[in-house]
Amino acid sequence: MAQKPSIPKGTRDFLPIDVAKRNYIFSTIRNVFEKYGFNPIETPSFELSSTLLGKYGEEGDRLIFRILNSGEKVRKADLEALAADNLPKFANSLAEKALRYDLTVPFARFVVQHQNELSFPFKRYQIQPVWRADRPQHGRYQEFYQCDADVVGSDSLLHEIDLVFILDEVLSAFHLPGFTIKINNRKILSGIAEVCGELEKIVDITVAIDKLDKIGEEGVVQELTNRNISSSAIELIKPLFQLSGNNEQKISFLTDYLKNSEVGKQGIQELETVINSVEEIGLSKGILEFDVTLARGLNYYTGAIFEVKAHDVQMGSICGGGRYDDLTGLFGMRGLSGVGISFGADRIYDILTTLNLFPSDLEKGIRVMFVNFGNTESKAAYKLVYDLRKNGISAELYPDSVKIQKQMKYANDTKVQFVALLGKSELDSQSVQVKNMHSGEQSQLSWSELTTFFNK
RNA sequence: GAGGUUGUAGCUCAGCUGGUUAGAGCGCCGGAUUGUGGUUCCGGAGGUCGCGGGUUCGAACCCCGUCUUCCUCCCCA
C-alpha cells in the first residue's frame with residue numbers, strides 16, 4: 001500500500017540548508033526594511049474570496065487558488081449559474097475563501113479595517129508566502145514568498161526615493177554582480193495615450209509596448225494593430241521605440257513629446273524628482289534606469305512603477321512595485337495613497353544559488369558534540385553538555401554508544417565545529433580531548449577549562 | 001488557460017530498429033581502522049523503469065489517458 005509520496009506541482013520542500021539560505025535572504029531584507037522605519041505585520045494566508053477577486057484583472061482571478069466550501073456550505077453552490085454556463089459565478093459560489101495572491105491587496109484591506117489603530121503615514125513590511133495557480137516554470141512557483149514594504153497615507157515622493165535606496169541596499173548586500181532598477185510612471189503612460197488620441201486604450205498601448213524588448217518593434221506594431229490602435233496613433237508611438245541614451249536624454253525627449261498633456265507633464269516631473277534625488281546621493285551597486293516601456297501591474301498602479309532585473313542571469317524580474325493612489329478605495333477608504341515594493345525571495349534564492357553567492361558559513365552546525373563512550377563516560381559528558389548550554393554554548397551528546405567512526409562521521413556531516421572526546425582515561429583525569437573539526441587540531445582540556453575555551 | 005517537452009537507483013544520467021537476469025558515476029551501508037570525520041583501498045545493498053490502461057509471443061522503448069518537469073504564449077515574483 002506504500003504509495004510514492006509527492007508534493008503538488010510548483011511547490012518545494014526545504015532541507016535545513018535551504019531554510020538557512022532562505023532565512024539569510026529574509027533577515028537581510030528585514031534588516032534593511034527596519035532601518036528605513038518599516039514595521040512588520042502579518043495577515044492570514046487566506047482571505048474572503050470577495051476581498052481578492054476582481055483586484056488583479058481577469059487574468060489574476062484565474063490564478064487565485066480557491067478554497068472549496070466544506071460541510072453544509074457546499075449547499076451554497078449556485079446550480080443555476082452552472083446551468084446557465086456562468087462558470088465564474090458558479091466557482092465563486094463554491095468557494096467563499098481563497099489563498100492570498102499577493103501581499104498588497106490584503107494589506108489594503110488591513111489598512112481599511114484597522115485605520116483607527118494606525119498612525120499615518122503607515123509604513124509596514126510583510127514577509128509571507130503567496131499562492132498562484134500559475135503554470136510552473138523556471139523561477140515561477142505556485143507557492144512563493146514575497147517581501148513587501150509599503151507606505152500608505154502620504155503622497156510624498158520621498159517614499160519613492162527611499163524605496164529605490166532600499167532596493168539598492170538589499171540587492172547590494174546579496175553581492176549580486178549587477179542589477180538594474182527600472183523606473184517609469186503611469187502618468188507618463190497616460191500622457192502617451194493622450195497625446196496619441198487613444199486615452200481609453202492606455203492599457204492596450206502599454207501592454208503592447210511593454211513587450212518591446214521581447215518581440216521587437218515590428219512585433220509591438222503588430223500587437224498594437226491587433227488591439228485596434230489607429231495607425232496614426234501607432235505612428236506617434238513609434239518614436240518611443242528608438243528612445244535611447246541616459247535618463248536625462250530620455251526625459252528631455254519625453255518632456256517635449258508630452259508637452260500637450262497635463263498628466264504626462266506631471267509624470268515627467270515626478271520621475272525627474274525621484275531620479276535626480278537618487279542620483280544626487282548615488283546608488284551603491286544598482287543602476288537606475290528610466291524605461292518608458294515598463295508597464296507592469298496596470299491594475300492598480302497610478303504613479304511610479306518599479307521593476308528590478310538582475311544582470312548575468314536568466315530570470316524574470318526579482319522585485320516589483322509602484323504607487324497606487326486608490327487601492328484602499330476598493331474597500332471604501334478614499335484619498336489614501338500608497339507606494340511599495342516587493343522582493344521575490346524565491347527568485348533571489350535561485351539567483352544566489354546559480355551564482356554561488358550564499359555565504360559559506362550558513363551551514364554551521366553546533367559548537368561542540370560529545371562522543372558517547374558508554375554509560376559511565378556519557379554521564380559525565382552530559383553534565384558538561386548541560387553546563388555549556390547554561391553558558392549559551394550549543395552542545396550535544398551523541399545519543400548512542402556506537403562506533404567512534406560513525407559518531408565522527410555524523411559530526412562531520414552535520415558541520416559540528418568541535419568534537420569532545422571523554423573516554424575512560426579522560427574520565428580518570430577529569431579532562432576531555434577537544435578536536436577542531438575544521439583544522440583537525442586536537443588538544444586536551446580539563447573540565448573546568450571548557451566553558452572558557454568555547455566562549456572565545 | 002493554449003501548445004510543446006520530460007520522467008530509468010537517494011542524485012546526475014546511459015540503455016541500439018521492441019528481445020533473456022536494466023547499467024555507470026556520485027552518494028549510502030560494511031570492512032581495512034571495535035578511541036578519531038573530511039583523503040585512499042576493498043566489498044555490499046539499493047530499481048513497481050512516474051502512474052493507469054492498451055498493442056504484442058515479448059514493452060523502459062510503440063499507442064491512449066493521467067500526474068510531474070522544463071520551455072514558448074498568457075501573466076507575473
Side-chain angles (χ1 to χ4, degrees), chain A residues 1-12 15 25 29 56-64 87-88 101-104 127-148 167 203 207 210-211 214-215 219 223 294-299 306-310 314-321 340-351 365 369-374 377 398 401-427 432-442 444:
Chain A
M1 311 307 106
Q3 88 186 49
K4 206 180 217 173
S6 64
I7 54 175
K9 69 176 170 189
T11 64
R12 294 151 301 158
L15 294 169
I25 291 175
I29 293 173
Y56 309 100
E58 218 175 293
E59 193 61 25
D61 279 1
R62 203 194 76 207
L63 300 176
I64 292 173
L87 294 181
Y101 175 89
D102 72 357
L103 300 177
T104 308
I127 298 177
Q128 290 192 278
V130 301
W131 294 268
R132 294 185 187 176
D134 206 355
R135 183 157 297 196
Q137 257 181 65
H138 176 64
R140 23 171 57 167
Y141 303 98
Q142 294 206 333
E143 176 183 65
F144 60 95
Y145 272 83
Q146 287 194 328
C147 312
D148 278 30
L167 290 168
V203 172
V207 165
D210 186 47
K211 297 178 183 172
K214 210 168 190 175
I215 60 179
E223 178 104 15
L294 175 62
R296 54 188 313 288
L298 275 161
N299 294 303
F306 303 111
E307 180 171 290
V308 181
K309 295 272 287 186
Q314 195 174 5
M315 180 63 75
S317 60
I318 54 175
C319 308
I341 50 169
S342 178
F343 288 86
D346 298 80
R347 285 189 174 177
I348 292 170
Y349 179 101
D350 288 348
I351 289 175
M369 183 196 94
F370 278 72
V371 169
N372 191 321
F373 279 89
E377 292 89 342
Y398 193 88
S401 172
V402 296
K403 251 170 49 167
I404 312 300
Q405 192 182 191
K406 191 175 165 68
Q407 302 192 38
M408 293 299 287
K409 186 167 160 44
Y410 175 83
N412 192 55
D413 290 346
T414 56
K415 308 285 186 284
V416 166
Q417 295 165 52
F418 290 88
V419 164
L421 299 111
L422 197 169
K424 179 84 173 59
S425 59
E426 287 83 7
L427 189 62
V432 289
Q433 295 286 338
V434 174
K435 176 164 185 169
N436 180 323
M437 291 297 280
H438 184 67
S439 65
E441 196 182 327
Q442 188 167 316
Q444 184 155 8

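Since the model is a prediction, treat every value here as computed from it, not as a measurement. Naming: A, B, ... by sequence-line order, numbering from 1 per chain.
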Touch class at under 4.0 angstrom, heavy-atom based, for A:Ser317 against every strand present: sugar-phosphate
A:Arg62 CZ - B:rC76 P separation (whole Å): 11 Å
N/O (side chain, A:Lys415) to phosphate O (OP1/OP2, B:rG37) under 4.0 Å: no
Between B:rU36 (C1') and A:Met369 (CE): distance, integer Å: 10 Å
A:Met408, nearest nucleotide to its side chain (from B:rG37, B:rC75, B:rG35): B:rG37
Residue pair A:Leu427 / A:Phe373, side-chain heavy-atom distance below 4.5 Å: no
Straight-line distance of A:Leu167 CG to A:Cys319 SG, nearest 0.5 Å: 5.5 Å
Sugar-phosphate only, base, or nothing, as touched by A:Gly316 at under 4.0 Å among non-hydrogen atoms: nothing
Gap in Å between the two C1' atoms, one belonging to B:rC13 and one to B:rG30, rounded: 27 Å
Rounded distance in Å between the C1' positions of B:rU56 and B:rC29: 41 Å
Heavy-atom donor-acceptor pair, A:Lys435 side-chain to B:rU36 base, under 3.5 Å: yes
Given B:rC71, B:rC75, B:rU36, the nucleotide with the shortest approach to the side chain of A:Asp134: B:rC75
Exercise: identify the closest heavy-atom pair between A:Tyr141 and A:Gly10: CB-O, 3.4 Å
Touch class at under 4.0 angstrom, heavy-atom based, for A:Ile404 against every strand present: sugar-phosphate
5' precedence on RNA chain B between A:Lys424 and A:Tyr141 (nearest-nucleotide basis): A:Lys424
Nearest atoms (heavy-atom pairs only) where A:Gln433 meets A:Gln444: NE2-OE1, 3.4 Å
Pick out the pairs of N or O atoms, protein on one side and nucleotides 25-29 of chain B on the other, that lie under 3.5 Å.
from   : atom 1 : to       : atom 2 : distance (Å)
B:rC28 : OP1    : A:Lys409 : NZ     : 3.3

Close side-chain approach of A:Gln407 to A:Met369, heavy-atom, < 4.5 Å: yes
Donor/acceptor link under 3.5 angstrom from A:Asn412 side chain onto base of B:rG38: no
Backbone N/O of A:Gly139 and side chain of A:Arg347: donor-acceptor pair under 3.5 Å: yes
Closest to side chain of A:Arg140, choosing from B:rG35, B:rU36, B:rC74: B:rC74
Residue pair A:Gln417 / A:His438, side-chain heavy-atom distance below 4.5 Å: no
A:Tyr101 side, atom OH; A:Gln146 side, atom CD - distance, nearest 0.5 Å: 9.0 Å
P atoms of B:rA9 and B:rG15, separation to the nearest Å: 15 Å
For atom OH of A:Tyr56 and atom P of B:rC76, their distance in whole Å: 12 Å
B:rA2 and B:rG65, which share atom name P, separated by this distance in whole Å: 14 Å
Closest non-hydrogen atom pair between A:Ala345 and A:Ile25, with its separation: O-CD1, 3.9 Å
Atom of A:Phe306, atom of A:Leu294 and distance for their closest heavy-atom approach: C-CD2, 4.2 Å
First encountered from the 5' end of RNA chain B, between A:Ile318 and A:Lys211: A:Lys211
Phosphate-side-chain proximity, A:Lys403 and B:rG31, N/O vs OP1/OP2 below 4.0 Å: yes
Sugar-phosphate only, base, or nothing, as touched by A:Asp346 at under 4.0 Å among non-hydrogen atoms: nothing
Side chain A:Ser425 and base B:rG35 donor-acceptor under 3.5 Å: yes
Check: B:rG35 base within 3.5 Å donor-acceptor of A:Glu426 side chain: yes
Polar side-chain atom of A:Gln142 near backbone of A:Asp134 as donor-acceptor pair, under 3.5 Å: yes
Sugar-phosphate only, base, or nothing, as touched by A:Gln146 at under 4.0 Å among non-hydrogen atoms: sugar-phosphate
Side-chain heavy-atom pair A:Glu143, A:Arg12 within 4.5 angstrom cut-off: no
Distance in angstrom units between A:Met437 CE and B:rU36 C1', rounded: 8 Å
Pairwise C1' distance for B:rC75 and B:rU6, with rounding to whole Å: 24 Å
Distance in angstrom units between A:Gln407 CD and B:rU34 C1', rounded: 12 Å
Interatomic spacing from CG in A:Asp346 to CD1 in A:Ile318 - rounded to 0.5 Å: 12.5 Å
Spacing between A:Ile7 atom CD1 and B:rC67 atom P, to the nearest angstrom: 17 Å
Quiz item: A:Gln405 side-chain donor-acceptor pair to B:rU34 base, under 3.5 Å: no
Protein-nucleotide distance (A:Arg132, atom CZ; B:rC75, atom P), rounded to Å: 14 Å
Span that lies between the C1' atom of B:rA59 and that of B:rC73, in whole angstrom: 36 Å
B:rC57 versus B:rG43 - spacing of their C1' atoms, nearest Å: 41 Å
Below 3.5 Å is the cut-off: list the nitrogen or oxygen pairs between protein and nucleotides 2-6 of chain B, distance only.
from  : atom 1 : to       : atom 2 : distance (Å)
B:rG3 : O6     : A:Arg135 : NH1    : 3.2

B:rC63 to B:rC26 separation - C1' atoms, rounded to the nearest Å: 36 Å
Runs of at least three consecutive pairs that involve RNA chain B, where pairs are Watson-Crick or G-U with distances under 3.5 Å: B:1-4 with B:70-73, B:10-13 with B:23-26, B:28-32 with B:40-44, B:50-54 with B:62-66
Sugar-phosphate only, base, or nothing, as touched by A:Gly60 at under 4.0 Å among non-hydrogen atoms: nothing
Gap between atoms CD and P, on A:Gln314 and B:rU72 respectively (whole Å): 7 Å
Sugar-phosphate, base or nothing in reach of A:Gly321, heavy atoms under 4.0 Å: nothing
4.5 Å side-chain heavy-atom contact, A:Arg135 and A:Lys9: no
Residue of the set A:Asp413, A:Asn412, A:Thr414 for which side-chain contact (heavy atoms from CB on, under 4.5 Å) holds with A:Tyr410: A:Thr414
